[in-house]
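Just so you know, these numbers come straight off a predicted model, no measurement behind them.
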Amino acid sequence: MLQVPFIRENKDLVIAGLAKRNIDATRMIQDVISFDEDRRRIQTELDSLLAESNTLSKEIGNLYKSGEAQKANLLKERTGQIKETTKALNESLNEKIEALTELLYKIPNVPNEIVSQGSTEDDNEEVYKEGDIPVLPENALPHWELAKKYDIIDFELGNKITGAGFPVYKGKGAKLQRALITYFLDKNTEAGYTEYQLPLLVNEASGFGTGQLPDKEGQMYHVTEDNLYLIPTAEVPGTNIFRDVLLNESDLPIGITGYTPCFRREAGSYGAHVRGLNRLHQFDKVEIIRVEHPNNSYKALDGMVEHVKGILKELKLPYRILRLCGGDTSFASALTYDFEVFSTAQNRWLEISSVSNFETFQANRLKLRFKNSEGKNELAHTLNGSSLALPRVLAGILENYQTKDGIVIPDVLQKYTGFSKID
């Protein structure tokens, strides 16, 4: 969440930044400032009374020692009054803190200055494109028909076992899925990321720590009896490794990677754009997460973008990079680049990665700090990116690599699959 001193000192900047998200934050920001002024006023009054109480306690002790019990008892009456007043002030202070915290949790991050104003994905800016769109054979099929033709993914079986959006991968389809996971992890660890195997369920504090709660509560599967949430991305457990952690500056940067299944309760929409692997409730993803010094985080973001580009070049998939507009940037992000692969059979772009810098937004929620060179505690910057989300990468491979004789496996994956073609 945003820091109160930052809001107080940069009120107009915050309001203007949130306007890029098409949010009129004037009232919210003024309420934050008002709550904080009340909090500070009450805290000052409370501190003053507590100081008076301490002074009186010493005086009372000295009076009893010197035999002046009557004077001591008079002062004790004042300490009793102070005790009642401080109790009421503490209750009022807690109410103000609770109201302030609840409001801060609802305010999204301020977009970076280079983020443009916009409402939807149509307003995103294409900043890079690479790869030739392949010429497919006549009567080329979309991936859901290829999956059925070659018996590698069974959507109907998944629907029977669980429901729509839970596919079953079979035979060479399952091996290709596993090959992609291992390939992505190998590329990430070769780039210096430490591999973690992470929990698939997180507690409420973890959801709040990375900003999924309360913003995305309706999209998360909730195990109500235990108050645990199925993860929507490895970003949540991975970043929460560092919750309530004080690092040394020499510990930075930190980079981790992990493979997890992910679970999202997306609102049901219909049509070809959500068919097959295009939108799922359960899907596999390999994530990269970084904890950075604030001075280096945007250089690190550029490095993460280049890393994902390198993977897509090796897969030889046509892709483009979009810088998201304010209206399409996620709640916690300051700047996000989306990667999309071109699905030739569907004649459309499919999102396969988001790479984001959250600056101090998550770190403030997480209380993730480092001791800087001056010996002061400072909030770190957090970043994360998909490297990569599997369903649409797999869809792109099936569609773009299809031939009359089968689906060719990209060269870089063949050592992982053990076969060169699905036929």
More than 12 non-hydrogen atoms from neighbouring residues, nucleotides or ligands closer than 6.0 Å to [atom1] on [X], yes or no?
X      : atom1 : value
Asp132 : CG    : no
Glu113 : CD    : no
Gln117 : CD    : yes
Lys148 : NZ    : no
Gln282 : CD    : yes
Glu190 : CD    : yes
Lys299 : NZ    : no

### Query
For the atom pair CG (Asn278) and CG (Leu350), what is the distance rounded to the nearest 0.5 Å?
5.5 Å
### Query
At what distance, to the nearest 0.5 angstrom, does CZ of Phe6 lie from CZ of Phe361?
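With rounding to 0.5 Å, CZ (Phe6) is 11.5 Å from CZ (Phe361).
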So does [Y] get a backbone contact from the side chain of [X], meaning a donor-acceptor N/O pair under 3.5 Å?
X      : Y      : value
Ser53  : Leu49  : no
Asn124 : Cys325 : yes
Asn400 : Phe342 : yes
Thr86  : Lys83  : yes
Asp47  : Thr44  : no

### Query
Ser386 and Ile352: which non-hydrogen atoms are nearest, and at how many Å?
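That closest heavy-atom pairing would be CB-O, 3.9 Å.
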### Closest non-hydrogen atom pair, Ala234 against Gly258
CB-O, 4.3 Å
### Query
What pairs meet the side chain to side chain donor-acceptor pair (under 3.5 Å) rule with one or both residues in residues 303-317, with sequence neighbours excluded?
Tyr183-Glu314, Lys187-Glu314, Asn188-His307, Glu306-Lys309
Sub-4.5 Å side-chain heavy-atom contact between [X] and [Y]:
X      : Y      : answer
Val202 : Asn240 : no
Val412 : Leu315 : yes
Asp123 : Asp328 : no
Phe339 : Val305 : yes
Ile289 : Tyr196 : no
Leu277 : Ile153 : yes

### Task
Give every residue pair that meets the salt bridge (charged side-chain N to carboxylate O under 4.0 Å, His left out) criterion with at least one member in residues 18-33, sequence neighbours excluded.
Arg27-Asp31
### Query
Should Arg39 and Asp36 count as an ion pair when the cut-off is N to O under 4.0 Å?
yes
### Query
Checking side chain to side chain contact (heavy atoms under 4.5 Å, CB included) for the pair Leu394/Gln177: CA distance, chi angles, key distance, verdict?
CA-CA 7 Å; Leu394 185 58; Gln177 182 87 338; 3.5 Å; yes
### Query
When you look at Tyr319 and Tyr128, which way does the side chain to side chain contact (heavy atoms under 4.5 Å, CB included) test go after all the steps?
CA-CA 8 Å; Tyr319 71 95; Tyr128 189 81; 3.3 Å; yes
### Query
Given the rule in the salt bridge (Lys or Arg N to Asp or Glu O under 4.0 Å) test, do Lys285 and Glu287 qualify, once you have shown the distances and angles that lead to the verdict?
CA-CA 6 Å; Lys285 185 152 70 85; Glu287 198 82 358; 2.5 Å; yes
### Task
Apply side chain to side chain contact (heavy atoms under 4.5 Å, CB included) to His381 and Val291, showing your working.
CA-CA 6 Å; His381 279 196; Val291 180; over 6 Å; no
### Task
Give a yes-or-no answer on whether the side chains of Asn357 and Glu292 include a donor-acceptor pair shorter than 3.5 Å.
no
### Task
Please step through side chain to side chain contact (heavy atoms under 4.5 Å, CB included) for the pair Met28 and Val32, ending with a clear verdict.
CA-CA 6 Å; Met28 282 194 299; Val32 167; 5.6 Å; no
Pairs of donor and acceptor atoms involving the side chains of residues 91-107, under 3.5 Å and at least two apart or interchain, shall be tabulated with distances.
unit_1: Asn94; atom_1: ND2; unit_2: Asn90; atom_2: O; d: 3.2
unit_1: Lys96; atom_1: NZ; unit_2: Asp38; atom_2: OD2; d: 3.2
unit_1: Thr101; atom_1: OG1; unit_2: Ile97; atom_2: O; d: 2.8

